[in-house]
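In what follows, chains are A, B, ... by sequence order, proteins preceding strands, each numbered from 1. These numbers were taken from a predicted model, which means no experiment stands behind them.
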Amino acid sequence: MTRLSELLLPTERQPPADAEALSHKLMVRAGLIRQVGAGLWSWLPAGWRVHQNVVGIIREEMDGIGGQEMLMPLITPADLWRKTGRYEITELFKLGDRRGADLLLAMSHEETTTFHVATAVRSYRDLPKLLYHFQLKGRDEPRPRAGVLRTREFVMKDAYSFDRDEQGLETSYERCAGAYERIFDRSGLEWYAVESDVGMMGGSGAHEYMAPCAAGENDVALAPGYAANVEVASAEPQPVPALGNVPSDLHTPGLTTIDEVAASLGVVAGNLLKAFPVVTASRGLVVVFLRGDHRVEDVKLANALGEPFTQASVDELERHGLVAGYIGPGDRVAALYDAAVAPGRYVAGGNAADRHVVVEVAAGERIDVRRVEAGDTVGGQVIRIEPAIEIGNIFKLGTRYSDPLGATYLDDGGREQLIVMGSYGIGPARVAAAAVEQFADEKGISWPRAIAPWDVHLVGLGKGGTPERAAAEELYTSLREAGLNVLLDDRDAGTGEKLTDAELLGVPLRLTLGKRTLESGAVEAQVRRGAEDRDPIPLEGAAEAVAELWRTLP
RNA sequence: CGGGGAGUGGCGCAGUCUGGUAGCGCACCCGGCUGGGGGCCGGGCGGUCGCAGGUUCAAAUCCUGUCUCCCCGACCA
């Protein structure tokens with residue numbers, strides 16, 4: 001369907017009142033998506049064309065590295081997930097059938113693919129394998145947001161590699177990384193790969209593919225030659241001047257924050273020691289000390305501790321004789337020091353109400369748990385931090401799933417070995433939304449050519465039955481014969497409405513054909529990116545010239 | 001789950017404080033004019049005011065309960 005008069009493309013002049021993110025507003029306004037419930041969205045015809053274009057690119061590149069496409073069910077028996085311990089995840093949609101059997105909506109398909117490989121693969125000769133599918137994922141997200149950026153049901157391309165050993169996994173991983181580079185390059189996005197957290201699941205390595213944009217939910221630390229999610233980023237802190245002459249015992253009534261204490265002493269926050277008391281299952285209460293101007297990065301701290309933690313309550317502190325707001329090093333509780341706490345003198349809590357003291361911190365064991373900040377450096381290069389949306393990830397799973405699900409093979413010596421796995425995800429919806437975020441201007445969307453719903457938006461001005469409209473029909477036919485996907489605006493609507501809708505929808509090349517065109521013998525062309533008018537294209541032989549121009553577009 | 005906000009034709013909103021039986025712009029339908037940037041005139045269609053209960057002669061408006069949605073924080077493609 002490529003005639004606007006027949007297409008379901010409900011454009012809106014105003015965005016939904018509750019929309020915040022740019023892609024949310026524009027995708028709804030342009031008639032690409034519509035909401036059904038919280039985090040539940042329908043893709044209307046034009047939007048689905050974009051989605052499927054992204055899918056097409058992914059499919060080509062995955063096939064190109066030997067991926068085998070298949071399809072596994074969304075509804076999954078609970079037993080598979082019980083075996084891997086994932087049945088307890090709170091985001092899991094759980095349901096039952098009429099007989100009372102426990103089922104779930106898969107959040108991803110590690111269990112299912114591993115189940116198949118476990119039963120189908122017996123020999124090292126059957127490995128490696130790279131399997132993938134495009135399938136819905138169900139996730140009962142605590143907070144769906146920003147249109148299609150974070151939803152409770154979405155299509156994911158998830159791929160799983162199965163190798164004989166770590167070395168094989170390394171090869172599969174690199175191969176997927178290469179495919180991902182080509183996929184995101186081809187999609188026309190700005191993107192980069194960053195080191196990411198492997199989470200509590202373990203695993204030996206992971207990367208995330210990030211598309212920088214304002215609506216992004218992740219913060220990424222970037223410097224020339226360096227890119228990492230702030231959840232795992234490490235950097236050299238900015239220096240602070242040494243602590244000047246300050247009395248070693250300070251009466252500080254009511255001064256419980258870093259800023260208050262620093263201001264009252266006339267020193268910088270970095271001259272203080274910040275106490276971050278946490279409780280873990282195996283250690284009980286532990287106080288983590290950071291430089292006063294630094295913040296704890298929760299993910300880094302959990303990784304450094306090797307277990308989850310909660311912040312200590314005031315009760316918990318009192319039980320250990322600590323006073324909230326006045327915690328400092330002492331013998332009452334175990335202490336850990338962040339890597340940015342250089343040996344030297346600091347103002348710290350005096351472990352008594354209204355008291356601070358100057359302490360001498362010695363060199364010693366450190367853990368890196370602080371959140372990297374803009375202005376820190378890596379290898380002498382200054383870091384900046386920007387928001388980005390995660391559009392894909394790759395993850396070395398190891399034997400996390402093959403072990404509980406019994407996915408083994410016999411090696412060439414007849415010994416049973418665990419299959420070594422990797423997983424590789426991409427969210428096509430996020431690729432689409434990120435493209436909207438990155439390239440939209442005040443008039444609307446500006447799709448990269450590779451994923452645009454159509455190649456050319458041909459606006460036929462005037463009313464049906466006029467010579468200019470007849471000419472538009474003719475051009476429409478010849479453009480299609482030249483291999484272009486063309487959207488023809490053949491509505492009897494006003495000029496302004498047609499042109500405004502075209503800008504909102506964001507097809508990369510707009511052709512306008514009206515009375516003027518006929519008189520001059522050339523159709524007007526505007527490149528959507530930058531709203532850049534090009535030289536009119538003579539109607540004689542227009543199709544080839546348009547196709548040629550189109551190939552040069554971003 | 002914690003905090004904040006909102007539910008009134010398809011979209012955006014007013015009306016709620018101070019109860020009196022629902023209105024505006026856009027969209028939509030009909031007729032006419034216009035025809036290169038959301039044009040003009042005239043005439044129309046369309047709403048259980050989220051839901052349930054209560055107060056009252058009378059409830060969009062007051063009370064109680066409940067559901068839904070959005071935004072900010074802990075999660076992730």
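- A:Glu390 pairs by the salt bridge (charged side-chain N to carboxylate O under 4.0 Å, His left out) definition with nothing, not counting sequence neighbours.
- Aromatic pair A:Tyr209/A:Phe184: ring centres closer than 6.0 Å.
- With C1' as the reference atom, B:A59 and B:G53 are 13 Å apart, rounded to whole Å.
- Closest to the side chain of A:Glu231, from the set B:G37, B:C70, B:C76, is B:C76.
- In this structure, B:G42 and B:C30 make a Watson-Crick or G-U wobble pair, each of the two defining distances being under 3.5 angstrom.
- The pairing partner recorded for B:G47 is none, the criterion being a Watson-Crick or G-U wobble arrangement whose two distances lie under 3.5 angstrom.
- As rounded to the nearest Å, B:G39 and B:C26 have P atoms that lie 9 Å from one another.
- The number of heavy-atom neighbours closer than 6.0 Å to CZ of A:Arg175, taken from other residues, nucleotides and ligands shown, is 12 or below.
- As judged by a 4.0 angstrom heavy-atom cut-off over every strand, A:Asp501 is placed among the base-contacting residues.
- Taking every side-chain heavy atom of A:Glu217 into account, B:C75 is the closest of B:A77, B:C75, B:U34.
- For the C1' atoms, the distance linking B:U61 with B:C17 amounts to 9 Å, nearest Å.
- Nearest to the side chain of A:Gln35, among B:C71, B:C76, B:C69, sits B:C69.
- Counting non-hydrogen atoms under 4.0 angstrom, A:Glu503 reaches a base of the nucleic acid.
- Nearest-nucleotide mapping onto RNA chain B: of A:Gly462 and A:Ile391, the residue sitting toward the 5' end is A:Gly462.
- Side-chain N/O atoms of A:Glu497 and base N/O atoms of B:G39 include no donor-acceptor pair closer than 3.5 Å.
- At whole-Å resolution of the value, CZ in A:Arg139 and P in B:C76 are 8 Å apart.
- The main-chain N or O of A:Ala435 is never found under 3.5 Å from a side-chain atom of A:Trp447 such that the two would form a donor-acceptor pair.
- Comparing B:C75, B:G38, B:G37 by their nearest atom to the side chain of A:Thr495 picks out B:G37.
- Residue A:Gly37 is the one, among A:Glu91 and A:Gly37, whose nearest nucleotide of RNA chain B lies closer to the 5' end (criterion: closest heavy atom).
- A donor-acceptor contact shorter than 3.5 Å is absent between the side chain of A:Asn393 and the backbone of A:His207.
- In this structure a side-chain-to-backbone donor-acceptor pair under 3.5 Å is present from A:Asp492 to A:Gly464.
- Annotation: B:G50 and B:G10 have their P atoms spaced 13 Å apart (nearest Å).
- A:Ala434 comes within 4.0 angstrom of nothing in the nucleic acid, heavy atoms only.
- A salt bridge links A:Arg145 with A:Glu217: at least one charged nitrogen is closer than 4.0 Å to a carboxylate oxygen.
- Atom name C1', nucleotides B:G47 and B:A14: the rounded distance is 15 Å, in whole Å.
- Summarising the base pairing, B:G25 is matched to B:C11 through a Watson-Crick or G-U wobble pair whose two defining distances lie under 3.5 Å.
- Taking atom C1' on both B:U56 and B:G19, the two are 9 Å apart, rounded to the nearest angstrom.
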- Task: Check the pair A:Thr2 / A:Tyr476 against side-chain hydrogen bond (donor to acceptor under 3.5 Å, both in side chains), numbers first and verdict last.
- Result: CA-CA 10 Å; A:Thr2 48; A:Tyr476 174 57; 2.3 Å; yes

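- Comparing the same atom, P, in B:U18 and in B:C63 gives a spacing of 10 Å after rounding to whole Å.
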- Task: For each nucleotide in nucleotides 6-13 of chain B, reading 5' to 3', give B when a protein heavy atom comes within less than 4.0 Å of its base, S when such contact involves only the sugar-phosphate, and - otherwise.
- Result: -----SSS

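- Atom name P, nucleotides B:G7 and B:C13: the rounded distance is 9 Å, in whole Å.
- Base engagement by A:Thr517 is indicated by at least one non-hydrogen atom pair under 4.0 Å involving a base atom.
- Side-chain proximity of A:Arg143 to B:G73, B:C75, B:C69: nearest is B:G73.
- Going from atom CG of A:Asp501 over to atom CZ of A:Arg510 covers 11.0 Å, rounded to the nearest 0.5 Å.
- Residue A:Arg145 has no polar side-chain atom (N or O) positioned under 4.0 Å from OP1 or OP2 of B:G73.
- Remark: the A:Arg510 side chain and the B:G37 base include a donor-acceptor N/O pair separated by less than 3.5 Å.
- Pair assignment for B:C62 gives B:G54, based on Watson-Crick or G-U wobble hydrogen-bonding distances that are each under 3.5 Å.
- Pairing for B:C69 is with B:G5, a Watson-Crick or G-U wobble pair whose two hydrogen-bonding atom distances lie under 3.5 Å.
- As rounded to whole Å, 10 Å separates atom P of B:A77 from atom OH of A:Tyr180.
- When heavy atoms are screened at a 4.0 angstrom cut-off, A:Thr151 is found touching base atoms of the nucleic acid.
- Residue contacts shown for A:Gly514 include a base, since a base heavy atom lies under 4.0 Å away.
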